[in-house]
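One structure is given here, and the rest of the page talks about it.
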Amino acid sequence: MSLSLQDTTMTLRDRPIHILSMAQRTDLPTLLFLHGASFSAQTWQELGTLTYAAEHGYRAIAVDLPSYGQSAKFPGTPLEFMVEFMAAMEIQRPVVVSPSMSGRYSLPLVTEAGDRLTGWIPVAPVKIPQYKAKLEGNPLPTLAIWGSNDRLVSPRLAEWLVQHMAKADRVILKDAGHACYLREPQLFHEHVIAFCDRLFA
């Protein structure tokens, strides 16, 4: 089946929010890709991530977070944005892929509304130290992916997640930096899909 990229803009609280998506069908399990401060939804298209996920049987959605890319500032909290965005897009219990800056959005969701998710893939996200108390014992299936050479968010935090969350594992990409998916996109994709395949089996 041929796949085509859907480039759309939705309105949330009267503000435009930009989305890229790709899927064979809309009823497939969803992977929701957030992004870091230097990137946007387009990054996941350029890396082939959306295509790879869609070809492996997932509904792949990448969103420009508020005030980034083509999305406007959102008049609410990061948690409110995530909950309202997922509802508006009819996203049911996705796996959220969250690099760097987007930890500001995924961590409130994981700790306050984790029952809305099937899994979490933190990719060296910010704010973990501020959420340690709420992450302790959290049962959400988690795959922490870090670059071994990350100088911005220490790989030691990946180990902390494994030790303190109930169902966490980690992958360290050798010689990769903070945006580890840029150095090893194929390996990154394989780890993401293998984790999701286990969750949705």
Side-chain angles (χ1 to χ4, degrees), residues 10-19 21 29-37 39-41 44 53 58-69 71-146 152-171 178 192 195-196 198-200:
M10 65 176 295
T11 300
L12 209 59
R13 295 198 190 182
D14 298 321
R15 307 295 173 92
I17 302 297
H18 178 242
I19 306 120
S21 62
T30 300
L31 301 190
L32 176 56
F33 293 91
L34 311 182
H35 61 82
F39 304 97
S40 68
W44 299 116
Y58 292 94
R59 180 190 182 200
I61 297 175
V63 59
D64 281 348
L65 292 168
S67 300
Y68 290 89
S71 291
K73 184 177 180 180
F74 180 75
T77 68
L79 178 58
E80 288 170 343
F81 172 79
M82 292 300 296
V83 170
E84 292 176 29
F85 172 75
M86 287 164 51
M89 289 290 293
E90 298 183 346
I91 298 173
Q92 302 290 329
R93 302 196 72 238
V95 171
V96 173
V97 180
S98 176
S100 194
M101 174 280 297
S102 70
R104 292 171 44 208
Y105 289 83
S106 69
L107 278 157
L109 188 64
V110 166
T111 57
E112 303 294 339
D115 59 340
R116 297 173 184 263
L117 304 177
T118 294
W120 181 41
I121 302 179
V123 188
V126 300
K127 301 291 186 182
I128 287 176
Q130 292 92 320
Y131 283 86
K132 280 185 172 180
K134 293 182 178 180
L135 287 168
E136 190 86 38
N138 189 298
L140 185 66
T142 296
L143 178 66
I145 304 180
W146 252 257
L152 295 178
V153 180
S154 173
R156 288 193 296 271
L157 288 172
E159 181 61 29
W160 187 93
L161 292 174
V162 170
Q163 291 177 354
H164 293 273
M165 292 184 73
K167 298 177 182 178
D169 203 351
R170 65 169 179 158
V171 169
H178 183 56
V192 167
F195 174 69
C196 293
R198 292 194 297 271
L199 293 184
F200 291 108

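Note that these values count all heavy atoms, side chains included, but never hydrogens, waters or copies made by symmetry.
A salt bridge (charged side-chain N to carboxylate O under 4.0 Å, His left out) check over residues 72-96, counting only residues at least two apart or in different chains, returns the pairs Arg13-Glu80, Arg13-Glu84. Within the structure, salt bridge (charged side-chain N to carboxylate O under 4.0 Å, His left out) contacts touching residues 108-122 (residues at least two apart or in different chains) are Glu112-Lys134. Sorted by first and then second residue, the ring pair (Phe, Tyr, Trp, His ring centres under 6.0 Å) pairs involving residues 117-138 (not counting sequence neighbours) form an empty list. A ring pair (Phe, Tyr, Trp, His ring centres under 6.0 Å) check over residues 74-115, counting only residues at least two apart or in different chains, returns the pairs Phe74-Phe81, Phe81-Phe85, Phe81-Tyr105.
Considering only heavy atoms from C-beta on, Asp169 stays 4.5 Å or farther from Thr142 through its side chain. Using a 4.5 Å heavy-atom cutoff, the side chains of Arg15 and Pro75 are in contact. A heavy-atom distance below 4.5 Å is not found between the side chains of Thr30 and Met86. Using a 4.5 Å cut-off on side-chain heavy atoms (C-beta onward), Val95 and Leu199 make contact. Met10 is listed as a side-chain neighbour of Leu12, based on a closest heavy-atom distance under 4.5 Å. Looking at heavy atoms from C-beta onward, Pro94 lies out of side-chain contact with Leu31 at the 4.5 angstrom threshold.
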Report the C-alpha distance between Met89 and Ile19 in whole Å, list the side-chain angles of each, state the deciding distance to 0.1 Å, and finish with yes or no for side-chain contact (heavy atoms from CB on, under 4.5 Å).
CA-CA 10 Å; Met89 289 290 293; Ile19 306 120; 4.0 Å; yes
I'd like to know whether Leu143 forms a side-chain contact (heavy atoms from CB on, under 4.5 Å) with Val171, so could you lay out the CA-CA distance, the side-chain angles of the two residues, the decisive distance to 0.1 Å, and finally the verdict.
CA-CA 7 Å; Leu143 178 66; Val171 169; 3.9 Å; yes
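Among residues two or more places apart in sequence or in another chain, the ring pair (Phe, Tyr, Trp, His ring centres under 6.0 Å) test is passed with Tyr68 by His35. By the side chain to side chain contact (heavy atoms under 4.5 Å, CB included) test, Pro16 pairs with Thr9, Ala72, sequence neighbours left out. Not a single side chain to side chain donor-acceptor pair (under 3.5 Å) links Asn138 to another residue, sequence neighbours left out. With sequence neighbours excluded, the residues that form a ring pair (Phe, Tyr, Trp, His ring centres under 6.0 Å) with Tyr58 are Phe200. For Ser102, the side chain to side chain donor-acceptor pair (under 3.5 Å) test picks out Ser98, with sequence neighbours left out. By the side chain to side chain contact (heavy atoms under 4.5 Å, CB included) test, Ala62 pairs with Phe33, Ala41, Trp44, Leu50, sequence neighbours left out. In this view, Arg170 and Glu159 satisfy the salt bridge (Lys or Arg N to Asp or Glu O under 4.0 Å) rule, not counting sequence neighbours. The side chain to side chain contact (heavy atoms under 4.5 Å, CB included) test applied to Ala124 returns Trp146, Asp150, Val153, His178, not counting sequence neighbours.
Here the straight-line distance linking atom NE2 of His164 with atom CG of Leu157 works out to 10.5 Å at 0.5 Å rounding. Interatomic distance, Ile61 CD1 to Leu34 CG, rounded to the nearest 0.5 Å: 11.0 Å. For the atom pair OG1 of Thr118 and CD of Gln92, the computed distance is 10.0 Å after rounding to the nearest 0.5 Å. The distance from atom CG of Leu32 to atom OG of Ser21, rounded to the nearest 0.5 Å, is 11.0 Å. Rounding to the nearest 0.5 Å gives a distance of 8.5 Å between CG of Asp64 and CD1 of Ile17. Of the inter-residue distances, the one linking Arg104 atom CZ with Leu79 atom CG reads 13.5 Å to the nearest 0.5 angstrom.
Here the shortest heavy-atom pairing between Ala53 and Ala60 reads CB-CB, 3.9 Å. Nearest approach of Gly69 to Ser40, heavy atoms of both residues: CA-CB, 4.4 Å. For Val110 against Leu117, the heavy-atom pair with the smallest separation is CG2-CD1, 4.0 Å.
Side chain of Ser71 to main chain of Ser67: no donor-acceptor pair is present (N/O by atom type, distance under 3.5 Å, no hydrogens or angles).
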